[in-house]
Amino acid sequence: MRTAVNVCALALAAVTLTPVAASASTDPPPGTVTNPVDVNGLGGLSLETVSYGSHRRQQMDVWWTPDGQKRPGVFIIHGGWWSSGDKKPMTQIARSYADMGYTVFNLNYRLSSDAAWPAQRTDALAAIALARKNADQWAFDPGNYVVVGFSAGGHIAASVGTYGDGINGLKGVVGMSPIISPLRAWTDGEKSTDPGKRKLRTAAMKLAGCGAPKGKCSRVWASMEVAWHASRNDAPMLTVHSEQEFVPPVQSKLLKQMLGQVGVPVNVITVPGTNHSTAAYREPGVAERVQAWIASRIG
């Protein structure tokens, strides 16, 4: 199921397209997309909501400029402890990359209450596959894109980055406060008095869907560990952490070590304070550094 709008000289037109994804659920979508006015007045920016699977959470908003040019892509994955959150609060960030000239895909995905791991990574891969299949429709260069994830979404993004022996067209991954090691988060939260660390421990167990990392469940936890899947064709990564947040920089340092052993660069940025995820992204200068890194990867 697709619904599309074109932002053009303050006039909105609905467009119905031929479905190419799995048939959509009869359940209503998880939210109504708010279509911002094209403040630039250029009449070129379009927005479409697309179902890439049959579950009501398997949707993404696509921002693109229908001018006949193929543009680099930015996939955005929201956070929320894997158990909550939605693409709607990411709209402003998505729009900012669309205004820079990228084709932008702002994803929802099945939460841990809907399905256990690896459903979340599977959803991200399915969304990317649909975007690449319909690259011409969305003025998208399928061989040139990055994935940007926030908190739990950073874990999903980084897991895409180390999936298999590289993903076609993926040129980089950005993680804002990414949980690189759910196993480390589970251990850190056991005796911590930090409410964030304790909540993250519980959230990681819910994501695994089978309890603590013991017995048969240890295989699922191993699958969730990003750094354990490092290979030489993985995407370069940029991660950002606040120095004293509940997802500490050491999480990304583990990834930097493992990917470095196979020759894949990882840049880890630390900023003062305790801000997490989107709050850290909005710290002065952080978004600009992320944007510059993305530009260095895909132009």
Side-chain angles (χ1 to χ4, degrees), residues 1-21 33-52 59-78 87-88 90-108 124-149 153 157 160-161 166-174 233 235-238 281 287-299:
M1 177 179 65
R2 298 180 174 189
T3 54
V5 295
N6 188 353
V7 184
C8 180
L10 307 185
L12 304 179
V15 180
T16 302
L17 302 176
T18 302
V20 295
V33 177
T34 300
N35 306 306
V37 172
D38 183 357
V39 295
N40 297 320
L42 300 178
L45 192 60
S46 292
L47 170 62
E48 180 180 3
T49 299
V50 181
S51 294
Y52 62 85
Q59 291 191 335
M60 61 182 174
D61 297 337
V62 186
W63 299 77
W64 85 100
T65 304
D67 58 1
Q69 300 183 39
K70 287 195 173 182
R71 298 168 180 267
V74 176
F75 291 81
I76 296 175
I77 307 179
H78 71 79
K87 59 184 171 59
K88 290 177 67 177
M90 307 305 298
T91 298
Q92 183 178 5
I93 292 175
R95 175 65 191 262
S96 72
Y97 284 98
D99 285 341
M100 293 175 201
Y102 298 106
T103 295
V104 181
F105 304 87
N106 185 18
L107 276 61
N108 268 351
L125 292 170
I128 291 171
L130 182 64
R132 298 184 76 239
K133 182 177 181 180
N134 293 276
D136 290 342
Q137 168 63 36
W138 295 316
F140 168 48
D141 180 356
N144 195 27
Y145 60 90
V146 298
V147 181
V148 183
V160 168
I167 303 295
N168 288 337
L170 180 59
K171 303 299 185 183
V173 171
V174 176
N233 290 323
M237 299 197 193
L238 171 71
Y281 183 81
E288 291 78 6
R289 294 179 72 178
V290 171
Q291 292 160 6
W293 187 88
I294 289 173
S296 74
R297 298 301 310 164
I298 60 176

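Just so it is clear, the values below take in all heavy atoms, side chains as well, and ignore hydrogens, waters and symmetry mates.
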Discussion item. Ile93 and side-chain contact (heavy atoms from CB on, under 4.5 Å): which single residue from Ile76, Val104, Val74 fits?
Written reply: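 Exactly one option meets the side-chain contact (heavy atoms from CB on, under 4.5 Å) with Ile93, and it is Ile76.
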Worksheet item: Any side-chain heavy atom of Tyr97 within less than 4.5 Å of one from Trp63?
Response: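 In short, these two side chains do not touch, never coming nearer than 4.5 Å.
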Fill in: Close side-chain approach of Leu47 and Val62, heavy atoms under 4.5 Å
no
Practice prompt. Any chance you could lay out the side-chain contact (heavy atoms from CB on, under 4.5 Å) test for Arg95 and Leu45, step after step, and finish with the verdict?
Written response: CA-CA 10 Å; Arg95 175 65 191 262; Leu45 192 60; 3.3 Å; yes
Item to complete: Establish, yes or no, whether a centroid distance under 6.0 Å links the rings of Tyr145 and Tyr102.
Response: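 For Tyr145 and Tyr102, the ring centres are not under 6.0 Å apart.
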With rounding to the nearest 0.5 angstrom, report the [atom1] to [atom2] distance, [X] to [Y].
{"X": "Leu107", "Y": "His78", "atom1": "CG", "atom2": "NE2", "result": "8.0 Å"}
{"X": "Lys171", "Y": "Ser296", "atom1": "NZ", "atom2": "OG", "result": "12.5 Å"}
{"X": "Phe140", "Y": "Phe75", "atom1": "CZ", "atom2": "CZ", "result": "4.0 Å"}

Fill in: Closest approach of Pro66 to Gly44 (non-hydrogen atoms, all atoms of both residues)
CD-O, 2.6 Å
Discussion item. Give me the atom names and distance for the closest heavy-atom approach of Ala157 to Val147.
Written reply: CB-CG1, 3.6 Å
When you measure from the side chain of [X] to the backbone N and O of [Y], does any donor-acceptor pair fall under 3.5 Å?
{"X": "Arg71", "Y": "Gly101", "result": "yes"}
{"X": "Thr103", "Y": "Ala139", "result": "yes"}
{"X": "Asn106", "Y": "Asp61", "result": "no"}
{"X": "Asn144", "Y": "Pro72", "result": "no"}

Discussion item. Counting neighbours of CD on Gln92 that are heavy atoms of other residues, nucleotides or ligands and sit closer than 6.0 Å, is the number greater than 12?
Written reply: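 Incorrect, the count does not exceed 12.
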Discussion item. Could you check whether atom CZ of Arg289 has more than 12 heavy atoms from other residues, nucleotides or ligands sitting under 6.0 Å from it?
Written reply: no
Fill in: Contact list for residues 290-299, test salt bridge (Lys or Arg N to Asp or Glu O under 4.0 Å), sequence neighbours left out
none
Discussion item. Enumerate the salt bridge (Lys or Arg N to Asp or Glu O under 4.0 Å) contacts for residues 134-143, please, sequence neighbours excluded, ordered by first and then second residue.
Written reply: Lys70-Asp136
Discussion item. We want to know whether Glu48 and Trp138 form a side-chain donor-acceptor pair, criterion being a heavy-atom distance below 3.5 angstrom.
Written reply: yes
Worksheet item: Do Val160 and Leu170 pass the side-chain contact (heavy atoms from CB on, under 4.5 Å) test, and can you show the C-alpha distance, the side-chain angles, and the key distance before you say yes or no?
Response: CA-CA 9 Å; Val160 168; Leu170 180 59; 4.1 Å; yes
Item to complete: Under the side-chain contact (heavy atoms from CB on, under 4.5 Å) rule, what do Gln291 and Met100 come out as? Steps first, then yes or no, please.
Response: CA-CA 10 Å; Gln291 292 160 6; Met100 293 175 201; 3.1 Å; yes
Fill in: Residue pair Val148, Val146: steps toward the side-chain contact (heavy atoms from CB on, under 4.5 Å) verdict
CA-CA 7 Å; Val148 183; Val146 298; 4.3 Å; yes
